[in-house]
Amino acid sequence: MSLIKLTLPDGKALQVEKGSTVLQAIEKIGTRLAQAALSASLDGKLVDLSTKLEKDASFKVHTFATIEGKETYWHSTSHLMAYAIQELFPGVKFGTGPAIEEGFYYDVDCSKSFTPEDLIKIEEKMKELAKQNFPVKRIEMRRGEAIKFFDKRNDHYKVEILSELDEDMVSLYEEGKFIDLCTGPHVSSTGKIVAVKLLNISGSYWRGDAKNKQLQRIYGISFPTQKELDEYLKLREEREQRDHRRIGKEMKIFTFNEDVGMGLPLWLPNGEQLFHTLQEYMRREEEMAGYHYVRTPVISKGKMYERTGHIPYYAESMYAPIEIEGENYYLRPMNCPHHHAIFSELVQSYKQLPYRIAEAGSVYRYELSGTMNGIIRTRGFTQNDAHTYVTMNQVADEVVRVLEMNMRIYEKVGLKNYWFRLSLPDFEGHPEKYSGNVERWEAAANELRKAAQRIGKDFIETKDEAAFYGPKIDIQSKNIRGKEETIATVQLDIMVPKRVGLNYTDENDKPAIPVVIHRAILGSYERFIAFLLEQTMGKFPTWLSPIQVKVLPLSEKFREYGEKVWMEMRKNGIRAELDSTDQTLNYRIRNAQLEKVPYMVIVGEKEAEAKTVSIRTREGKQENGMPLEKFISDILNEIKNKE
RNA sequence: GCCCGUAUAGCGAAAUGGUAUCGCGCCAGUUUCGUAAACUGGAGAUUGAGGGUUCAAUUCCCUCUACGGGCUCCA
């Protein structure tokens, strides 16, 4: 067994056996330091003992490159940044400054608005302070003392945090002339922080509440070496390449126009082709699963939304009503009430349940201007919507069917990065957001949990994310900047059916109220296409590609044969285009490649004579001299099977 | 909605208190090509909209609109 020598923040050396457990390490460190859950250094590399404490996993030495070290390192960097800001802008007050998934931020209350130039100044100051290599010291004191301490400094944000804590003892961290309230842990000295980049400034409300003062949030990231920082910045740039707005523009999928208005996308021919193909595909899948497609208007009377209970919750985010003949009409923000009306018209008996109504329904929501994001968040969009009317006993089965459909369809279209989230209410924190009684909500949540467990895929549970009328299972993903977004949702509605008077006759000849499952496999077509663009870089499977084949005659001489090949494919329903422009073959291949066309068909002398085609795929594979009929039947097969 | 920032030809960028440069694309001519950019020439801009300061504004200031990064929100 080899021994590892660690240097603790207080300067003492510690020797542990490689592979020894955390408990053994703690014994050596001593309780006082163990409580502090400190990081240590090994040959100058950062080692974090803290996150291993809880799990009692095998004690392993890891550098910052492993996940365990990051949080501490970034958190310490945020302290260093606060120190630099304090030096440059005396009198500033600090909110909170945690490590986040990528980097850190600190919320700062400062009368001056920070500019990008200020960030550079702060960065420089940070480097200077890091070089001075101040030890980072932990100070423990009674909560009352700490309140007095921060009160004297007019640090009212810290006082506010402290006065809400339950603990008797609290800890402060000191480095140079900077002291902050913090549970730690931290790196042992400021010199550990080497490469820092402050990324951006934004506003953020104190304690995340729009009623409170808005502070300035500065985001940044740091690494133990410049090389790692450079690599990270490069990665960020690469991610920008995947931005759906960028790909959507390059591939001519959608655009926005100032005169049309914010959040109202215009679908270009390629985009409409994609949209339409997806919609047709979904309709086929849903009809196979027993859904009935309907068509309903995008506008209806305000009365409808009063009855459903949406008005008190969402009036502000609905487009203002249009008054006609003394009646207020709203652009619809959702399709549910229309579908409920159809249910009432068609369903009387429990024997008809589950009854499934589907529609590619256009809805309009007056979302806050600052929340718009390409086609991920728009004001007008088309939901891949359906409502299933079931008895409480049928809920779990039906939800399982829906989730299975989700997974199958995502597989087909090539969407891979997603996970399930069971979204529950928070009756303690925000009871006003949810209607109905707790027991009923719990019963509903149990049904959803049962269904999610039956699927066998991991899911997480989150409080305070439910709809006002019931719990739901959301399908979550991340956009290119790492921000979590909801792709799709399966919602259990335990309130509205009763409110709007939905009923059927049960097996005992008694009136009964159905439960409604609101589900949208693709969520909205707009958002879904955005995620597809980001996750596939626009390289859609052939059946989805707006242009499936580009025919490229080698030169003018073979144009005629090229046209024949092209027409033959169009006749067979293949979305083929002919590019016989006066350009070199290389040039036209490059163009087709940039357009992400799955197949290029090259025809020259050999092909024209033998009635064959030469194929180049998007991935660069070549196959020469394939009979035209074979290529057509192969591609049709591929499209049919959606491989 | 709030905080910060951005807006120059179809697209991506450059420059300047004295009306704008480059690349791609577009058009014309030459070239007729075997798997990711042939060559030459040309046209194209009331510098997002409105107002103000100034002899003079694309540049400085204000308002609006749209876009970007966050916060809040997301039925």
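Proteins get letters first, then strands, A, B, ... in listed order; numbering begins at 1 in each.
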Describe, in one word, how the ring planes of A:Y389 and A:H387 are oriented to each other, choosing from parallel (under 30°), tilted (30 to 60°) and perpendicular (over 60°). tilted
Determine the interatomic distance between C1' on B:G23 and the same-named atom on B:A14; round to the nearest Å. 11 Å
Would you measure the distance from the P atom in B:G10 across to the matching atom in B:A49 and give it in whole Å? 12 Å
Using a 4.5 Å cut-off on heavy atoms from C-beta on, say whether the side chain of A:V603 contacts that of A:P553. yes
May I have the distance from A:K211 (atom NZ) to B:G1 (atom C1'), rounded to whole angstrom? 14 Å
Heavy-atom check, side chain of A:E250 versus side chain of A:L594, under 4.5 Å: no
Honestly, is A:R379 close enough over A:Y364, meaning NZ or CZ under 6.0 Å from the six-membered ring centre and within 45° of the axis? no
Find every protein N or O atom lying less than 3.5 Å from an N or O atom of nucleotides 38-40 of chain B, and list the pairs.
{"unit_1": "B:A38", "atom_1": "OP1", "unit_2": "A:T584", "atom_2": "OG1", "d": "3.2"}
{"unit_1": "B:A38", "atom_1": "OP2", "unit_2": "A:T584", "atom_2": "OG1", "d": "2.8"}

Identify which nucleotide among B:A37, B:G34, B:U32 has an atom closest to any side-chain atom of A:L554, counting heavy atoms from C-beta outward. B:G34
Taking B:U47 as the reference, what is the distance to B:G12 when you measure between their C1' atoms (whole Å, please)? 16 Å
Are a donor atom and an acceptor atom from the side chains of A:T378 and A:E526 found within less than 3.5 Å of each other? no
By salt bridge (Lys or Arg N to Asp or Glu O under 4.0 Å) - contacts of A:E461 (at least two apart): A:R449
Measuring from A:I253:CD1 to A:I375:CD1, what's the distance to the nearest 0.5 Å? 8.0 Å
How many Å lie between CG on A:D579 and P on B:A36, as a whole number? 15 Å
How about A:F631 and A:Y599: are their ring centroids closer than 6.0 Å? yes
C1'-based separation of B:C11 from B:C67 [nearest Å]: 16 Å
Check nucleotides 46-50 of chain B for protein N or O atoms closer than 3.5 Å to its own N or O atoms and list the pairs.
none

Taking atom NZ of A:K125 as the centre, report whether more than 12 heavy atoms of other residues, nucleotides or ligands fall under 6.0 Å from it. yes
Looking at residues at least two apart in the chain, or sitting in another chain, which of them share a side chain to side chain donor-acceptor pair (under 3.5 Å) with A:Y314? none
Distance-only donor-acceptor check, side chains A:S435 and A:R499, under 3.5 Å: no
Specify the separation, in whole Å, of atom CD1 of A:I376 and atom P of B:G68. 10 Å
Write down the distance separating the P atoms in B:G5 and B:A9, rounded off to the nearest Å. 23 Å
Working for side-chain hydrogen bond (donor to acceptor under 3.5 Å, both in side chains), residues A:D474 and A:T486: CA-CA 6 Å; A:D474 293 313; A:T486 299; 4.8 Å; no
Report which part of the nucleic acid A:S614 touches: base, sugar-phosphate, or nothing (heavy-atom distance under 4.0 Å, all strands). base
Parallel, tilted or perpendicular: which describes the rings of A:F468 and A:Y313, with under 30° parallel and over 60° perpendicular? parallel
Go nucleotide by nucleotide along RNA chain B from the 5' end; which of A:Q216 and A:R590 gets its closest nucleotide reached first? A:Q216
B/S/- along nucleotides 69-75 of chain B (protein heavy atoms under 4.0 Å) is BBBBBBB
Spacing of A:D259 atom CG relative to B:A66 atom C1', expressed in whole Å: 10 Å
List for me each residue that meets side chain to side chain donor-acceptor pair (under 3.5 Å) alongside A:Q241, sequence neighbours excluded, and say none if there are none. A:R246
Write down the distance between CG (A:L215) and C1' (B:C4), rounded to a whole number of angstrom. 14 Å
Please tabulate the protein-to-nucleotide N/O contacts below 3.5 Å involving nucleotides 8-15 of chain B, giving atom names and distances.
none

For A:Y291, which residues count as a ring-ring contact (aromatic ring centres under 6.0 Å, His included) partner, sequence neighbours excluded? none
Is there side-chain contact between A:H340 and A:V496, with heavy atoms separated by less than 4.5 Å? yes
Note: contacts of residues 100-119 of chain A with RNA chain B (heavy atom, under 4.0 Å) are A:S113
Please give, in whole Å, the distance from B:U35 P to A:L594 CG? 18 Å
Would A:E102 and A:R239 count as a salt bridge (Lys or Arg N to Asp or Glu O under 4.0 Å) if you check the C-alpha gap in whole Å, the side-chain angles of each, and the deciding distance to 0.1 Å? CA-CA 14 Å; A:E102 278 183 17; A:R239 276 192 216 150; 2.6 Å; yes
Considering only atom P, compute the distance from B:C3 to B:A13 and round it to an integer number of Å. 27 Å
Hits for salt bridge (Lys or Arg N to Asp or Glu O under 4.0 Å) against A:E398, two or more places apart or cross-chain, chain-then-number order -> A:R356, A:R401
When you look at CD of A:E238, are more than 12 heavy atoms from neighbouring residues, nucleotides or ligands closer to it than 6.0 Å? yes
Heavy-atom closest contact (A:R440 atom, A:N437 atom, distance): N-OD1, 2.9 Å
Would you kindly give the CZ-to-C1' distance between A:R588 and B:A37, to the nearest whole Å? 13 Å
Taking atom types as modelled and ignoring hydrogens, do the side chains of A:S300 and A:Y305 form a donor-acceptor contact shorter than 3.5 angstrom? yes
Please measure how far the P atom in B:A45 lies from the corresponding atom in B:U53, and state the result in whole Å. 30 Å
For RNA chain B, stems built from three or more consecutive Watson-Crick or G-U wobble pairs below 3.5 Å: B:1-7 with B:65-71, B:10-13 with B:21-24, B:26-30 with B:38-42, B:48-52 with B:60-64
By the 4.0 Å heavy-atom rule, please label A:G374 as base, sugar-phosphate, or nothing. sugar-phosphate
Sorted by number, the residues of residues 599-611 of chain A with heavy-atom contact under 4.0 Å to RNA chain B: A:I602, A:G604, A:E605, A:K606, A:E607
Side chains of A:Y205 and A:D107: donor-acceptor distance under 3.5 Å anywhere? no
